[in-house]
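Working notes, structure below.
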Amino acid sequence: MAEYIPKLVCFSCKFGWGYLFGEKVSAEVKNLIPVICSGKVDGTHIMEAFQGGADGVLILGCPDGECHFQNGNYQARKRILLLRKTLREFGIQPERLMIKLEIDPEGKKIPGYIDEMGRQIKPLGPLAAVV
């Protein structure tokens, strides 16, 4: 039997996470979706990722006080907190949704965070079909 490798989707703020996005980062990481601001990622985007077969979703946003759009990172954090509380109703462990609020303009940390998330999700196994 082949080793289970979690399928991850990562929404990444273009301002704080990868000005060099197209040059270095996207070649190393699959399922990386650039967004104008982490605050623009809403619950439907996250649930669509899970419905599309993702085993985990990672949101990368700017740190507190550094959001280009003033409070997008606060909105993202609040949205993730609320969504993690309701994921169980859909049969999804809350650990499958993570948010990191930092700055990494060159995108060098992204592969490491995706690997870290994969290691955390691997023991949970594949996500059952989400309705």
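Small disclaimer: the values here were computed from a predicted structure and weren't measured.
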Leu124 and Glu95, any side-chain heavy atoms less than 4.5 Å apart: yes
Passing option when Phe11 is tested against Val41, Leu58, Leu60 for side-chain contact (heavy atoms from CB on, under 4.5 Å): Val41
Test: Lys100 and Glu116 ion pair at under 4.0 Å: yes
4.5 Å side-chain heavy-atom contact, Leu97 and Leu83: yes
Test item: Glu66 and Phe15 side chains (from C-beta on) under 4.5 Å apart, heavy atoms: no
For the student: nearest non-hydrogen atoms of Asn73 and Ser38, plus distance: CA-OG, 3.8 Å
Pairwise side-chain contact, Arg96 with Ile121, heavy-atom cut-off 4.5 Å (strictly under): yes
side-chain contact (heavy atoms from CB on, under 4.5 Å) against Lys7, all qualifying residues, sequence neighbours excluded: Asp55
Side-chain touch Pro94/Lys85, heavy atoms, less than 4.5 angstrom: no
Nearest heavy-atom neighbours spanning Ser12 and Ile110: OG-CD1, 4.0 Å
Side chain proximity check, Phe90 to Phe50, heavy atoms < 4.5 angstrom: no
Close side-chain approach of Cys13 and Cys62, heavy atoms under 4.5 Å: yes
Results of ring-ring contact (aromatic ring centres under 6.0 Å, His included) for Tyr74 - residues two or more places apart only: none
Any side-chain heavy-atom pair of Lys40 and His45 under 4.5 Å: no
